[in-house]
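Atoms considered below: every heavy atom in the structure, side chains included; atoms not considered: hydrogens, waters and symmetry mates. Predicted model only: the values in this text are computed from it and were never measured.
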Amino acid sequence: MDWESVYASYPVNEELIWLNNCGTTPVGRHIVAAVADFMKAYARKGIFAETGNYIKIRQRIQSIIAALLNCRENEIALIHNTAEGMNFISHGIDLQPGDEIVLLENEYPSNVYPWQHWQQRGVRVVFSPMAETPDDFLAEFTHLITPRTRLVSLSAVHWCTGMPLPLEKIGSICRSHNMLFVVDGAQGVGIQPIDVKSAGIDYMAFSAWKWLMGPLGLGVFFIDEKNLDRLKPVFWGTESVVQDQQYLPYKTTLKRSADRFSFSTGSIADWVYFLASLEYLSAIGFDRVRNRIFELNHRLSAALERAGLRTFSRHFPETPTGITVCELDGVSAHQMLSLLKDRGIVAAERLGRIRFSPHVYNSPYQLEQAVHVLSRSNPLPNPTKSI
């Protein structure tokens, strides 16, 4: 693979070293071109623009995501963000007083706040400890399960540590106890191999703007078709019902697909953006993308350890991750983040550690820059050099 051409496709490399891709991702030239072409066509022909066919673009996005997750296209809906999907699930399921929900310790708020309303209705919410390895997490999680546990909602990857969770093992436990398995896929989809059927995932929501490099404000909602009617729609809109292009007479029959949860007109410009990103990644190959990111993270974590920093991933060396988290004795994360920022390196601070998350457009040289800054060495010259 010509990674130099990928590097050149992202103008951010001319200005910054962007190593916070599990937060947000910059825009590539292919996306700029696709959105510009759409806007030009829309200016001339409005909704009849050839580059903005609403139905075809949605179907193409659903097709790529479905192939990535090993599910059917009708099990995928386009929404706005992870929190929206989690609210659809939380407000659409049926729980009873005394039931229990298991969440993840120090979880991202999008997978916590939507569940809190159940506590006022007599449902107990418990948190599974993070742990330092996937096996340790699984042991802690298993001990939390009781006869009253009805639903488990966990992230595919912990956003603060970068540790992937053993989804297939968790899914097996959920099936054996007749518990619903919900996944926040924001930090996992596009980087970790997630087979929703093998893992027994009932529902999953995730944002488009992390590993899939899509636009802010666009998300994806997966509903296993066997659980479609188990989830009561919170909102109804024009696109919730069958024959949605025929506005009158009003309909009372919901679509037999996850699209019932899209419920109204989406942002076609965002869909164009997202499709351009998905097709770019698909052309490279999602497996190749994954392996490249794992390779970059392996290089980065090894270099950080050699420079005297401690990485969290050392606890699970056999489990590849797209996120490298590190700390340095005697230096606060705030200090390290300031040093990086001064050198034009974008990272994040999480739980007192520095979090890096490179993507395919990053280069090994950029990773060396970050390590040199944190090891207090003189930074290498020419920060925009690619290799």
Side-chain angles (χ1 to χ4, degrees), residues 75 77 79-131 136-156 158-160 165-186 188 196 199-206 219-237 240 252 254-256 258 260-263:
E75 295 177 303
I79 56 174
H80 296 99
N81 46 58
T82 305
E84 183 176 77
M86 290 299 173
N87 273 285
F88 285 153
I89 303 165
S90 181
H91 289 274
I93 58 170
D94 183 29
L95 296 176
Q96 302 299 320
D99 289 346
E100 295 175 351
I101 297 171
V102 176
L103 305 179
L104 179 61
E105 181 183 28
N106 290 325
E107 174 65 286
Y108 194 77
S110 292
N111 197 18
V112 176
Y113 295 158
W115 304 105
Q116 290 180 332
H117 72 100
W118 282 111
Q119 293 174 303
Q120 285 79 52
R121 300 165 68 178
V123 173
R124 183 167 176 253
V125 177
V126 298
F127 290 85
S128 184
M130 288 195 315
D136 288 342
F137 171 82
L138 196 64
E140 296 278 2
F141 166 77
T142 303
H143 290 151
L144 285 177
I145 303 303
T146 77
R148 298 297 299 174
T149 307
R150 296 287 180 267
L151 182 145
V152 172
S153 186
L154 304 171
S155 282
H158 201 292
W159 68 298
C160 294
L165 271 61
L167 297 183
E168 295 205 0
K169 293 179 180 179
I170 295 168
S172 178
I173 293 171
C174 289
R175 286 194 297 272
S176 66
H177 289 81
N178 196 30
M179 302 181 301
L180 285 173
F181 186 23
V182 180
V183 173
D184 174 344
V196 292
I201 297 170
D202 295 297
Y203 306 105
M204 180 165 66
F206 53 94
V220 180
F221 191 25
F222 161 77
I223 305 172
D224 190 292
E225 58 186 354
K226 71 178 184 295
N227 291 314
L228 181 63
D229 290 333
R230 191 171 183 176
L231 200 63
K232 180 182 177 181
V234 179
F235 303 110
W236 282 52
S240 300
T252 58
L254 289 166
K255 289 179 179 176
R256 296 300 307 163
R260 63 173 63 171
F261 286 90
S262 295
F263 72 83

**Q.** Worked check of salt bridge (Lys or Arg N to Asp or Glu O under 4.0 Å) between Glu100 and Arg148
**A.** CA-CA 6 Å; Glu100 295 175 351; Arg148 298 297 299 174; over 6 Å; no
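- Side-chain contact check for Tyr203 versus Arg230: some heavy-atom pair is nearer than 4.5 Å.
- Side-chain contact between Arg121 and Leu95 is absent, with no heavy atoms from C-beta onward closer than 4.5 Å.
- Here the straight-line distance linking atom CG of Leu151 with atom CD1 of Ile93 works out to 4.5 Å at 0.5 Å rounding.
- Taking CZ of Phe127 as the reference point, atom CZ of Phe141 lies at 14.0 Å (rounded to 0.5 Å).
- Between the Asp202 side chain and the Phe181 main chain, a donor and an acceptor come within less than 3.5 Å of each other.
- When all heavy atoms of His158 and Met130 are compared, the closest pair comes out as NE2-SD, 3.0 Å.
- Here the side chain of Tyr113 pairs no donor or acceptor atom with the backbone of Ala83 at under 3.5 angstrom.
- Lys232 NZ: 12 or fewer foreign heavy atoms inside a 6.0 Å radius.
- When side chains are defined from C-beta on, Ile145 counts as touching Met179, because their heavy atoms get closer than 4.5 Å.
- When atom types are taken as modelled, the side chain of Ser110 and the backbone of Thr82 share no donor-acceptor pair closer than 3.5 angstrom.
- No side-chain heavy atom of Asn111 sits less than 4.5 Å from a side-chain heavy atom of Leu104.
- Here the side chain of Glu140 pairs no donor or acceptor atom with the backbone of Ser128 at under 3.5 angstrom.
- Aromatic ring orientation, Trp159 versus Tyr108: perpendicular (interplanar angle above 60°, classes split at 30° and 60°).
- The two residues Leu144 and Pro129 make their nearest non-hydrogen contact at CD1-CD, 4.2 Å.
- One distance of note links CG of Leu154 with CE of Met204; it measures 13.0 Å at 0.5 Å rounding.
- Ring pair Phe88/Phe221 is tilted by interplanar angle, where 30° to 60° counts as tilted.
- With contacts defined as side-chain heavy-atom distances shorter than 4.5 Å, the pair Val234/Asn87 does not qualify.
- From Arg124, atom CZ reaches atom OG1 of Thr146 across 7.0 Å, with rounding to the nearest 0.5 Å.
- Other residues, nucleotides and ligands place more than 12 heavy atoms under 6.0 Å from the CZ atom of Arg175.
- With a 4.5 Å cut-off on side-chain heavy atoms, Ile173 and Thr142 count as touching.
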Q. Between Phe261 and Leu254, is a side-chain contact (heavy atoms from CB on, under 4.5 Å) present by the stated rule, with each step listed?
A. CA-CA 10 Å; Phe261 286 90; Leu254 289 166; over 6 Å; no
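- Here the closest non-hydrogen pair linking Ala156 and Gly185 is CB-CA, 4.5 Å.
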(Q) One pair to check against side-chain contact (heavy atoms from CB on, under 4.5 Å): Val123 and Trp115. What are the steps and the verdict? (A) CA-CA 10 Å; Val123 173; Trp115 304 105; over 6 Å; no
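- Here the closest non-hydrogen pair linking Ser155 and Leu165 is O-CD2, 3.4 Å.
- By the 4.5 Å heavy-atom criterion applied to side chains, Asp229 and Arg256 are counted as neighbours.
- Looking at heavy atoms from C-beta onward, His117 lies in side-chain contact with His91 at the 4.5 angstrom threshold.
- Side-chain atoms of Trp118 never come within 3.5 Å of backbone atoms of Asp99 as a donor-acceptor pair (strictly under, hydrogens ignored).
- The CD atom of Glu75 sits 5.0 Å away from the CG atom of Asp224 when rounded to the nearest 0.5 Å.
- When all heavy atoms of Pro114 and Pro109 are compared, the pair lying nearest together is CD-O, 3.6 Å.
- Rounded to the nearest 0.5 angstrom, Phe206 CZ and Ile79 CD1 are separated by 8.5 Å.
- The minimum heavy-atom distance between Ser240 and Phe235, with the atom names listed, is OG-O, 4.1 Å.
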